Structure formats: structure tokens, C-alpha cells
2 protein chains.
Amino acid sequence: MSERGNEAGTVGKALNVLDQVAAFGRPVRFSDLLESSEYPKATLYRLLQTLVQQGMVSFESERGVYALGVRLVRLAHQAWQTASIAPVARPYLDALSLEIGETVHLAQLDHAQVLYVDKRNAAVPVEMYSQAGKVGPVYCTGVGKAMLAWSRIEAQSRIIEQQSYHKFTDNTLTSRRALRAELDIICSRGFAYDNEEHEPGIICVALPILTQGGHVLGGLSVTSTTARHSLESLAKLVPHMKSTVSRIAEDAESWRFPEQIKEHA
Amino acid sequence: MSERGNEAGTVGKALNVLDQVAAFGRPVRFSDLLESSEYPKATLYRLLQTLVQQGMVSFESERGVYALGVRLVRLAHQAWQTASIAPVARPYLDALSLEIGETVHLAQLDHAQVLYVDKRNAAVPVEMYSQAGKVGPVYCTGVGKAMLAWSRIEAQSRIIEQQSYHKFTDNTLTSRRALRAELDIICSRGFAYDNEEHEPGIICVALPILTQGGHVLGGLSVTSTTARHSLESLAKLVPHMKSTVSRIAEDAESWRFPEQIKEHA
DNA sequence: AACTAAGTTTCACTATTTGGAACTTACCTA
DNA sequence: TAGGTAAGTTCCAAATAGTGAAACTTAGTT
């Protein structure tokens, strides 16, 4: 029943409503939300009022519709800078993309999903907001599998449990067993493939971004089509990607875990 | 005492803490937050736990530091698409930027501040996340004044009250009276200037983006330096900007207030 | 071993949240 | 225009969740 379940306090409930508004992806009326809400009318109403008052949700009184508030855009700017490796990785992504001329994705794990935090596409200019922030499945994407393969055992198990194993293509892995086996192979190989597992004709190679301590910071992938590349030809890019990944990790570590700055003297 | 005051419920308090974490702009320890917090130790602690559990804040147990969570990046992606005019305006910004070759800003009002939601810079590639999400003052920026000038009287008064009137440069307007007078001039002129009021050497022209009903959707500005332009030469771009603005408004209206779609038949 | 600071848990007390039901618009329909 | 229906808003007693001083546990000094 409680699919996305959480033993929520008030804050959790409010954030659930926020997610719900986000899920519509367009301004919604109260009744639309009520229909798909697990909360009673009065409760939902009050939660929405709270969110509006807080600027997390905007309410257009003329139309009577709710939408996500701009306060989120401001928070996200900070979140992206603080919580993601994207600002650190930016110059390296630029360089990599320029040199190999293929689509590059930078991703992080968000619970049991892949969150894309940056992207480069050789052909068109950077499209950050339009691409960053998107989510995808872990079990059938290159970055997802790469990050999962090097995750710590508890987190890994939890995430493996939480996948949906929807069969997107003929090659999609559709069982926990198959995924576990694949993760083993990925670990010994040192990187992950996506062999048309999510979309037909789309293949990629992916590497995890690891701290010196072996903690997964994120994932980096290069994507192409079967028309232009084979897995083998993509694999040739791995050494190049490896050096990008280690430089990102190095920078990220010194940024996120800076040496204690002893008084400036 | 309660500067950012709100008669907050639990949700408000939690969001205050979220803002506080955001304000640091780097991973922070519990004691850093406690120092600058209005909440007692145990309360702050529990609020943080809630936020972490909800994925709005991430906690790195190794270092014992809190940072904004990636869930925000995901929400922001939706917020930017849903709540901002940026996705609609994107192609028009691209075109305008290309044709006039100067820095272009797209902004919206967020409470009493200017929130930049997109930017184009002819010289260097687009830097969305790094620029979008930034905030600035209303009373000394072109977009701010333009949006304020066409705001409805109640909102306008409220915002005028809430400005800080910090004197950034010799030209900064530093009183409500001066600002009101300037807004009158802007209204009759039809667009706003920023005559080095925020930063020395930086000037701009700005237009509001208005619905047919006269409601302020946002603002558009073209920025340059005194070295390259005078206010008069920037003013020559206004007709071009006017057409951009009206096209954005048109698209935004049909997107945000779509005709009721009568069953497809 | 004794001290100190940082972080975490407890628990009696309270303020907030809850949601069924009643109420108010606003808009159809006959 | 009355009568009906659906959408949105408010009420209030009961139930729940939040509060924070203080006690406690670590971890790091001296």
C-alpha cells in the first residue's frame, strides 16, 4: 500500500506533497492532487498552504493551480554546488567531451536511482537544467551499474532489492541474480557496459568515480549508438575516461574534505 | 529578532534549517549550525535527522558533516521546468543572445528578490547551474526595477518596503522615495536602465515580461560595460528585446494557461 | 587518569497536527 | 431561477508529534 512509504512526521508528509506536485510536471488543481493523495482533504489542504507560505510551492489564485515554487530553484543552485560533484567535474567533462566527441554523462546515486547531474553532448551546446536533475534506473544503465558495483555491501544489497527490473529491451537484466552476476563481472573488468539494456541501439561504457578510500562519489559514462560504435570500440575510450575519473576524484576529495585550515599564519 | 521571521510550524522550521545548511555553501558540522541557529540543540538535531532521512540533506558520517541533498537537484529540475519561464524562453534567449552578442539575463521575482533563472553570454559557453538560481537585489538591478515597476500596487509596496537600500555605488538608489520616483520614470519610458547602480562600470537595459492581463511573468535584460556601451546605445536594442519579450510572454501564456483541452474529438 | 568539547538520547510536558463533518462558493442542469 | 452537484475552505475536540533541559556517551585533549 505505502509504496514510497516512510514513517513520516509532518515534515515528511509535506515533502511527500511537494514530490507529488513535482510529479505532475505542470500546474495542478487541488482536486488533482487530492485524487492521487494518501492524505485526507483537510490535511492535504493544510500541507499545501504551509508549502505555499514557505515558498516551496506557488499558488496561482486566478487559476487555482499549484506549481513548484522558485525557492526550490534557489536551493538547487546551492545543492548542485555543495552536494554534487558537478562543479568540480565541469572542466574535466568539457575536456573529455571535446576530445572524444561523444555524449558524456555525469551521475550520482540518489537512493536507489541514478541522478544525472551534468551532461555534455558534442553536437549541441550544454543544456544543464534541462538534463541535469533527471533520474534513471540503476540496474540497466552504465553509470548505475558502475556505481552500484563499487558500492558498499549494505547499500548495494538495499539498492538491488529496490529495483523494478522492468524489461526495457531484450538485453535488460530482469532479476536480482542476473544483476549480481553482472556486478561481479563489472568489478573484475574494472568498468561497466550498457549493452542496449535501457534503450535499443544505445550503448555506453561507464566508470565509477571513487575516493581513495573506495567510496563511490559518482559515475561517468560515454554514450553512443550501435550505428557508430561497438562495445569494443567504446572500450578503447576507457583509459582516457580513467584518467578523467581519477582527476575528478582527486579534486572532489580536496574540495569536499579539505585539510583543516589552520588559522592563516 | 526574527529577521526572516515566519510563524513557522514544524515544516517551516525544518525548511529554515535547510536554508541554513544552504547558506553555508559547503558541508557543515553540527556545531557550526548550532552556533548560528535559533533552535535549541536537541531540536536542531532532530530537524536535521528528519531532513537527512528525507534526503533533503545528506550526512557524511565519516566526517560528520551535513550538506544539501541531491533530492533538491531533482526537485529543482522540475521546479525550473514547471515554475519558471526559462524552458519557454530558452529558444528566444538563444536567438537574442546570438544576434546582439551581449550578456542576456532572464529573471523572475522571488519574494522581494531577483532570481536569475537563465543567462546567455556571447563570449563564453552557457553556464546555467552556475548562474541560474542566483539571487540579487530588486532596487538596483535593471530586471528588478523593470519587474517592480509593472507589479501590482500591493506587491510593489511590499517589495519597496523590504529592500535594504545598501549603497553599492555612487548611483545606487538609497531610499524608497528615490526608488518610487525611478519606477514612475521607468513606467513612462517603457523600460528600465541600470546605470552602474549595482556594480561600477556595468550598465543594462531591462524589460518586464508581461501577460496580456498585465501580470509580471519575469524580466529580460541585456548587460554591458561602460567601456563598450552607453545607456543610449543600449537603448537601441530595446525594440529587438520588446519583440523577444512579447514572444516569450505569448508562449508562456499558452503553456502556463493552456486552453482547456476539450476531449480530442 | 582526569578533563573537555562534540554529539546523541531521554522523557515529562505542550503545542501542533489531524480529519470528519459542516460550510461556502461556483458552476452546471433542468 | 430554483435545485443540484462538485470544488474548495473552515472548525474543533481528540490524538499525535514536537519540544528542550538535562543527562549521557563518545572522542579527543592535557
Side-chain angles (χ1 to χ4, degrees), chain A residues 1-2 5-21 24 26-54 56-67 69 213 257-263, chain B residues 1-2 5-21 24 26-54 56-67 69 213 257-263:
Chain A
M1 197 154 279
S2 54
N6 36 15
E7 352 284 297
T10 319
V11 176
K13 287 175 201 167
L15 293 177
N16 278 349
V17 172
L18 193 63
D19 272 346
Q20 221 201 322
V21 174
F24 276 87
R26 59 174 173 82
V28 275
R29 282 178 315 148
F30 178 74
S31 52
D32 298 329
L33 289 167
L34 183 58
E35 240 175 273
S36 61
S37 176
E38 54 184 311
Y39 305 117
K41 214 181 184 185
T43 302
L44 178 65
Y45 185 73
R46 257 178 300 101
L47 287 173
L48 278 168
Q49 285 205 142
T50 304
L51 288 170
V52 168
Q53 198 207 320
Q54 292 296 328
M56 300 296 278
V57 164
S58 70
F59 179 66
E60 224 165 309
S61 54
E62 291 154 51
R63 291 255 152 186
V65 290
Y66 296 89
F257 316 118
E259 293 299 313
Q260 211 64 18
I261 296 153
K262 310 282 185 192
E263 307 300 311
Chain B
M1 196 149 281
S2 53
N6 36 16
E7 352 283 294
T10 320
V11 176
K13 287 176 201 168
L15 293 177
N16 277 349
V17 173
L18 192 63
D19 273 346
Q20 221 201 322
V21 174
F24 276 88
R26 59 173 173 81
V28 275
R29 282 179 316 148
F30 178 75
S31 52
D32 298 328
L33 289 167
L34 184 58
E35 242 174 89
S36 61
S37 176
E38 54 184 310
Y39 305 117
K41 213 181 185 186
T43 301
L44 178 65
Y45 185 73
R46 255 177 304 101
L47 287 173
L48 279 168
Q49 285 204 143
T50 304
L51 288 170
V52 168
Q53 198 207 321
Q54 292 296 328
M56 299 298 279
V57 164
S58 71
F59 178 66
E60 225 164 310
S61 55
E62 290 154 50
R63 291 256 153 184
V65 289
Y66 296 89
F257 316 117
E259 292 300 313
Q260 211 64 19
I261 296 153
K262 311 280 184 192
E263 307 301 310

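None of the values given here were measured: they were computed from a predicted structure. All chains are named by letter (A, B, ...) in the order of the sequence lines, taking the proteins before the strands, and each is independently numbered beginning at 1.
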TODO: Find the distance Glu35(A):CD to dA6(D):P and express it as a whole number of Å.
DONE: 13 Å
Open item on the list: Nearest 0.5 Å, please: how far is CZ in Phe24(A) from CZ in Arg29(A)?
Closed with: 10.5 Å
Task: Under 4.0 Å protein heavy-atom contact, by nucleotide of nucleotides 9-25 of chain D - B base, S sugar-phosphate only - done: BB------SSBBB----
Open item on the list: Report for the helix from dA1(C)-dT30(D) to dC27(C)-dG4(D): angle between first-end and last-end helix axes, five pairs each, rounded to 10 degrees.
Closed with: 30°
TODO: For Thr50(B) and Arg46(B), indicate whether the former's side chain and the latter's backbone hold a donor-acceptor pair under 3.5 Å.
DONE: yes
TODO: State, without any angle test, whether Tyr66(B) and Asp32(B) hold a side-chain donor-acceptor pair at a distance under 3.5 Å.
DONE: no
- [ ] State the NZ-CG distance between Lys13(A) and Leu18(A), to the nearest 0.5 angstrom.
- [x] 16.0 Å
TODO: Please state how far atom CG in Leu44(A) lies from atom C1' in dA7(D), giving the value in whole angstrom units.
DONE: 13 Å
Task: Any Val21(A) side-chain heavy atom under 4.5 Å of Leu48(A) side chain - done: yes
Open item on the list: Whether Ser31(A) contacts dA6(D) is assessed here as follows: a side-chain N or O lying under 4.0 Å from the phosphate OP1 or OP2. Is that the case?
Closed with: no
Open item on the list: Nearest 0.5 Å, please: how far is CG in Leu47(A) from CG in Asn16(A)?
Closed with: 9.0 Å
Task: Exam field: side chain Gln20(B) to backbone Leu33(B), donor-acceptor pair closer than 3.5 Å - done: yes
TODO: Using a 4.5 Å cut-off on heavy atoms from C-beta on, say whether the side chain of Phe30(B) contacts that of Leu44(B).
DONE: yes
